[in-house]
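Take a look at the structure below.
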Protein chains: 2
Amino acid sequence: MTEKDRPLRADAARNRARVLRVAYETFAEEGGGVPIDEIARRAGVGAGTIYRHFPTKESLFQAIVADRLRQVVERARDQAATDPGEGLYAFLFHLAEQGATDLGLTEAFAGTGFDLATSLPEAEREFTTLMADLLAQAQRAGTVRPDVDVDDVKTLIVGLQAMRRFRGEQADRVYPLIRAGLTRR
Amino acid sequence: MTEKDRPLRADAARNRARVLRVAYETFAEEGGGVPIDEIARRAGVGAGTIYRHFPTKESLFQAIVADRLRQVVERARDQAATDPGEGLYAFLFHLAEQGATDLGLTEAFAGTGFDLATSLPEAEREFTTLMADLLAQAQRAGTVRPDVDVDDVKTLIVGLQAMRRFRGEQADRVYPLIRAGLTRR
DNA sequence: ATACAATCGGGACGCTCGTTCCGTTTAGCA
DNA sequence: TGCTAAACGGAACGAGCGTCCCGATTGTAT
């Protein structure tokens, strides 16, 4: 659903890809607050070029968050197959790490000026399903206490990302505490 | 250190107090992002009047955060005297609740466009001391495991405030998990 | 090689917001 | 009551940013 209709002209396709790549890096480093002009500058194109491909700054941001989510989901599914009991923890802490280097993703989860469920409903649904699977699997394996639910996991994600983002490596020390809290007594 | 030199004229004193009160409420509701004009409007004064009393928006914000911190610290000391083992938990969860209604305070802890340690060094020091006291006390009482340190507590505060702020009452369900994680096995 | 349409770059526009300025109003005092 | 300095309100200014527009450029089909 990105390159239908008639094919883009060669230069247009090149620029589109370039913008996407640069925007990805830039949002990750600076968060959703970066000026479009900054992305344009880094990509070596004019602001007008960005607007030809993405009608709005918001839409560019969405495109990137959606892609990022896909990656995270895919990775988590792999991990989960490898070690059922650890899947949820790996997912949780991986997401926290991502939050450290990807401000865009953090904002998407926290809902800061960007509502995931509204903007990318399918991605949100897939994400929720993944969490439910990982959680059920971990509970079956006995590594997570049975009274924890999916909403609790979402809440923890928000908290963990905030810790990682604002407290850096200090957050590493807290992971074991969280894990202990989630484990059956 | 607020009303030295020659006393303010009656109307000036009234306006200053009014601005402080309104700014307090407004920052709490909207966070540090609210326009000064909005605060001025709510207070029924002109923007110029605010700038007569506070040289900068930042300085107004600081004045209010400092006051808020004083209240929190005072309350925590009272609590701690009542129940040594619970002092740290009460403090932690109270702070999380505060984060829900006081965006300004959350931003101060997270360091979002406002560095507490740099802007209000004394307040920051007092705060750190309080945490160290509460923590040591709880560890002595045996309600917190001995390998937790003050930096871990700071990290948890950031996480808990984020949870409360972005996930609302969902966060309540996570408090027991955090507590379980902090408790000696 | 030529022509035409797609695409480009970056200046212009409009809006928001922090801060300043200044003509007007008012408290405090004699 | 009248005078003066303090204080007021809100218009004005400048900077930042999202978005739009348009003359210049370039890919592509013939």
Side-chain angles (χ1 to χ4, degrees), chain A residues 2-24 26-27 29-65 103-104 107 112-115 119, chain B residues 2-24 26-27 29-65 103-104 107 112-115 119:
Chain A
T2 80
E3 63 281 66
K4 267 297 142 72
D5 291 335
R6 57 214 60 192
L8 285 174
R9 227 170 67 174
D11 55 346
R14 205 180 321 123
N15 278 330
R16 186 179 202 282
R18 188 185 198 71
V19 165
L20 227 28
R21 183 165 47 75
V22 171
Y24 181 101
T26 309
F27 280 137
E29 285 171 28
E30 316 277 349
V34 264
I36 281 283
D37 283 356
E38 170 65 14
I39 295 176
R41 200 182 52 70
R42 294 202 199 186
V45 302
T49 300
I50 296 185
Y51 277 94
R52 178 170 329 284
H53 294 297
F54 303 92
T56 241
K57 183 188 177 183
E58 174 84 5
S59 72
L60 173 58
F61 190 70
Q62 274 186 28
I64 284 165
V65 169
L103 266 155
E107 286 163 11
T112 306
F114 178 72
D115 182 14
S119 309
Chain B
T2 80
E3 63 281 68
K4 266 295 143 68
D5 292 335
R6 57 212 62 191
L8 286 174
R9 224 171 69 174
D11 54 347
R14 206 180 321 125
N15 278 331
R16 185 178 201 282
R18 186 185 199 71
V19 164
L20 227 28
R21 182 165 47 75
V22 171
Y24 180 101
T26 309
F27 280 137
E29 286 171 28
E30 317 277 348
V34 263
I36 281 284
D37 283 355
E38 171 66 14
I39 295 176
R41 201 182 52 72
R42 293 203 199 186
V45 303
T49 300
I50 296 184
Y51 279 94
R52 178 170 328 283
H53 294 297
F54 303 92
T56 241
K57 184 188 176 181
E58 175 84 6
S59 71
L60 173 58
F61 191 68
Q62 273 186 30
I64 284 166
V65 169
L103 265 155
E107 285 162 12
T112 307
F114 178 73
D115 182 15
S119 309

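Here is how names work: the chains are called A, B, and so on, in the same order as the sequence lines, proteins then strands, and each is numbered from 1.
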Practice problem: Between B:Gly32 and B:Arg14, name the one whose nearest nucleotide on DNA chain C is closer to the 5' end. | Solution: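 So the residue in question is B:Gly32.
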Quiz item: Want to settle it: does B:Asp11 or B:Pro55 sit nearer the 5' end of DNA chain C, counting the closest nucleotide to each?
Solution: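 Looking at the nearest nucleotide for each, B:Pro55 comes out on the 5' side.
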Exercise. Tell me whether the OP1 or OP2 atom of D:dC8 has a side-chain N or O from B:Asn15 closer than 4.0 Å.
Key: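 Yes, B:Asn15 has a side-chain N/O under 4.0 Å of OP1/OP2 on D:dC8.
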Quiz prompt | Phosphate-side-chain proximity, A:Thr56 and D:dG18, N/O vs OP1/OP2 below 4.0 Å | solution =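 False: A:Thr56 side-chain N/O out of range (4.0 Å or more) of D:dG18 OP1/OP2.
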Let me know the distance between [atom1] of [X] and [atom2] of [N], rounded to the nearest Å.
X	N	atom1	atom2	result
B:His53	D:dA6	NE2	P	14 Å
B:Ile36	D:dG9	CD1	P	14 Å
B:Asp37	D:dA11	CG	P	10 Å

Quiz item: So what does B:Ala10 hit on the nucleic acid, given a heavy-atom distance under 4.0 Å: a base, only sugar-phosphate, or nothing?
Solution: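 Sugar-phosphate contact only.
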Practice problem: Check every strand shown and say whether B:Ala12 touches a base, only sugar-phosphate, or nothing at a heavy-atom separation below 4.0 Å. | Solution: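 Here B:Ala12 touches the backbone only, sparing every base.
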Quiz item: Less than 3.5 Å between a donor and an acceptor, one on the side chain of B:Arg9 and one on the base of D:dA6, is that the case here?
Solution: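 By the distance-only test, yes, there is a pair.
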Quiz item: Under the 3.5 angstrom rule, does the side chain of B:Lys57 hit a backbone N or O of B:Pro35 as a donor-acceptor pair?
Solution: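 No; judged by distance alone, with no hydrogens or angles, the pair does not exist.
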Quiz item: Looking at the side chain of B:Val45, which of D:dC8, D:dC20, D:dG9 is the nearest nucleotide?
Solution: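 From the listed options, D:dG9 comes nearest.
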Quiz item: Are the side chains of B:Phe27 and B:Val65 in touch, meaning some heavy atoms are under 4.5 Å apart?
Solution: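 No; the side chains remain at least 4.5 Å from each other.
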Self-check item: Boundaries of the chain B footprint along DNA chain C (any atom under 4.0 Å from a heavy atom)
Solution: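 Contacts span C:dC17 to C:dG28, reading 5' to 3'.
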Exercise. State which residues pass side-chain hydrogen bond (donor to acceptor under 3.5 Å, both in side chains) with B:Glu29; sequence neighbours excluded, sorted by chain then number.
Key: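 Checked B:Glu29 against side-chain hydrogen bond (donor to acceptor under 3.5 Å, both in side chains); matches are B:Arg42.
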Exercise. Please say which of A:Val45, A:Leu8, A:Thr49 ends up in a side-chain contact (heavy atoms from CB on, under 4.5 Å) with A:Arg16.
Key: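 Considering A:Val45, A:Leu8, A:Thr49, a side-chain contact (heavy atoms from CB on, under 4.5 Å) with A:Arg16 is found only for A:Leu8.
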Practice problem: With side-chain contact (heavy atoms from CB on, under 4.5 Å) as the test, would you mind laying out the steps for A:Asp11 and A:Arg14 before giving the verdict? | Solution: CA-CA 5 Å; A:Asp11 55 346; A:Arg14 205 180 321 123; 4.0 Å; yes
Self-check item: Reported CG-to-CD1 distance for the pair A:Asn15 and A:Ile50, which is rounded to 0.5 angstrom
Solution: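 The distance works out to 9.5 Å.
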Practice problem: Could you pick out which residue, A:Arg52 or A:Pro35, lies toward the 5' side of DNA chain D when each is mapped onto its nearest nucleotide? | Solution: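 Residue closer to the 5' terminus by nearest nucleotide: A:Pro35.
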Practice problem: Provide the closest heavy-atom pair for A:Tyr24 versus A:Ile64 in the form atom of the first, atom of the second, distance. | Solution: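 Heavy atoms only, the tightest pair is N-CD1, 3.5 Å.
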